[in-house]
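Everything on this sheet refers to the single structure shown next.
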Amino acid sequence: MAKKYWLIKSEPDVFSLDHLKNCPDQTEHWDGIRNYQARNLMRDEMQEGDEAIFYHSNAGKETGAVGLSRVVSESAYPDYTSWDPKSKYYDEKSSEENPRWVMVDFKWRAEFPKLVSLQDMKKADNLDGMLVIKQGQRLSIQPVEKKHFVEVCKMGGLKASEIKALGL
DNA sequence: GCCAACGTTGGC
DNA sequence: GCCAACGTTGGC
């Protein structure tokens, strides 16, 4: 199956692109997704090798796309924080036997030389229809068209040769 | 910190 | 199955 393109949102105070970069093997599991639409996308659509724009939400002037990551788990697997009573992501309706939520692993790939702010994306000519610039779009995992994905990379200051080298 | 958007819950 | 109340997201 052809790889897919995504945008993943994270509040940088909670988990930033730099956090991901500093993880062992620059890889971390993406836990805590508690929205059915986002879960279904992860569970049914995401697979190893998929590319994701890393977006910082709720970050004042820094709100926007900051870099790239990639799915490195084969596919989605149960989010074990959902049945851990000590976790803030605990959900009493989820259990090890019957997990309600899933997660995937993401690996750091690139940091944009410059922030692509939400405003920049809204103003861009070539991003019509991109979900993140729609009003009230709160989904934390969004599918992105490849042409939009590449356009955001360009706006972030990646050179054509670098984009090619990333296999995009 | 405000509040619009919108997802979820639960009474009926 | 409707919909009001409530909770959360996230831009500003």
Side-chain angles (χ1 to χ4, degrees), chain A residues 4-23 28-46 50-71 75-106 108-145 148-149 151-157:
Chain A
K4 298 192 179 75
Y5 299 84
W6 306 95
L7 179 144
I8 57 174
K9 289 187 191 172
S10 186
E11 299 194 23
D13 292 346
V14 179
F15 194 83
S16 70
L17 182 63
D18 271 348
H19 281 122
L20 183 62
K21 189 179 185 180
N22 291 322
C23 285
E28 185 61 292
H29 52 265
W30 200 254
D31 61 13
I33 299 294
R34 297 290 178 269
N35 169 285
Y36 288 105
Q37 245 184 301
R39 179 202 67 179
N40 294 347
L41 286 171
M42 267 200 296
R43 186 189 59 190
D44 304 335
E45 303 284 341
M46 271 195 180
D50 283 2
E51 313 283 353
I53 292 167
F54 202 106
Y55 177 92
H56 283 168
S57 62
N58 215 353
K61 278 187 285 185
E62 308 293 309
T63 296
V66 291
L68 299 177
S69 61
R70 174 183 253 177
V71 178
S75 59
Y77 58 96
D79 180 347
Y80 51 76
T81 65
S82 68
W83 59 76
D84 175 4
K86 293 194 292 291
S87 169
K88 67 171 177 165
Y89 298 123
Y90 175 64
D91 178 353
E92 59 180 9
K93 297 194 181 108
S94 183
S95 66
E96 201 161 351
E97 296 74 31
N98 191 11
R100 171 172 293 209
W101 303 108
V102 298
M103 58 188 173
V104 297
D105 296 342
F106 279 108
W108 184 91
R109 285 208 93 199
E111 183 180 350
F112 292 151
K114 56 176 192 248
L115 168 80
V116 184
S117 72
L118 182 59
Q119 281 190 327
D120 291 343
M121 288 192 270
K122 283 179 173 170
K123 279 187 286 187
D125 295 326
N126 302 321
L127 297 179
D128 280 354
M130 198 174 170
L131 287 177
V132 73
I133 58 180
K134 279 200 192 165
Q135 187 180 26
Q137 180 50 257
R138 303 185 308 172
L139 198 56
S140 51
I141 293 181
Q142 307 179 350
V144 177
E145 291 177 46
H148 291 161
F149 194 100
E151 181 65 22
V152 171
C153 291
K154 285 183 195 162
M155 290 168 69

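Hydrogens, waters and symmetry mates play no part in the numbers below; they use all other heavy atoms, side chains included. Below, chain A is the first sequence line, B the second, and so on; all start at residue 1.
- For the pair R138(A) CZ and dC6(B) C1', the computed distance is 4 Å after rounding to whole Å.
- Straight-line distance from the NE2 atom of H56(A) to the P atom of dT9(C): 17 Å, rounded to whole Å.
- If you measure from atom CH2 of W101(A) to atom P of dG7(B), you get 13 Å, rounded to the nearest angstrom.
- You'll find the ring centres of Y89(A) and W83(A) outside the 6.0 Å limit.
- Counting all heavy atoms, side chain and backbone alike, E28(A) lies closest to C23(A) at CB-SG, 3.8 Å.
- Contacts of Q135(A) with the nucleic acid, taken as non-hydrogen atoms under 4.0 Å apart, involve only primed sugar atoms and P, OP1 or OP2.
- Mapped onto DNA chain B by nearest heavy atom, G136(A) and K93(A) fall at different nucleotides, with G136(A) at the one closer to the 5' end.
- A straight line from CD of Q37(A) to C1' of dA5(B) spans 14 Å, rounded to a whole angstrom.
- The shortest distance between the side-chain N/O atoms of Y55(A) and the OP1/OP2 oxygens of dG11(C) is below 4.0 Å.
- The nearest whole Å value for the distance from the CE atom in M121(A) to the P atom in dG11(C) is 9 Å.
- Residue K122(A) is in sugar-phosphate contact alone, with no base atom involved, counting any heavy-atom pair closer than 4.0 Å across all strands shown.
- K4(A) and D50(A) make their closest contact through N-OD1, 2.9 Å (heavy atoms, listed as atom of the first residue, atom of the second, distance).
- One atom, CG of L139(A), and another, P of dG11(C), lie 13 Å apart when rounded to the nearest Å.
- Straight-line distance from the CG atom of N35(A) to the P atom of dG7(B): 8 Å, rounded to whole Å.
- For S57(A), whose side chain is taken as the heavy atoms from C-beta onward, the closest listed nucleotide among dC12(C), dT8(B), dG10(C) is dG10(C).
- Considering R34(A), R39(A), H29(A), R100(A) as possible partners of D79(A), the one that fulfils the side chain to side chain donor-acceptor pair (under 3.5 Å) test is R34(A).
- When all heavy atoms of I33(A) and A38(A) are compared, the pair lying nearest together is CG2-CB, 3.6 Å.
- In this structure, E11(A) atom CD and dC12(C) atom C1' are separated by 14 Å, rounded to whole Å.
- Checking the phosphate oxygens (OP1, OP2) of dG10(C), a side-chain nitrogen or oxygen of K9(A) falls inside 4.0 Å.
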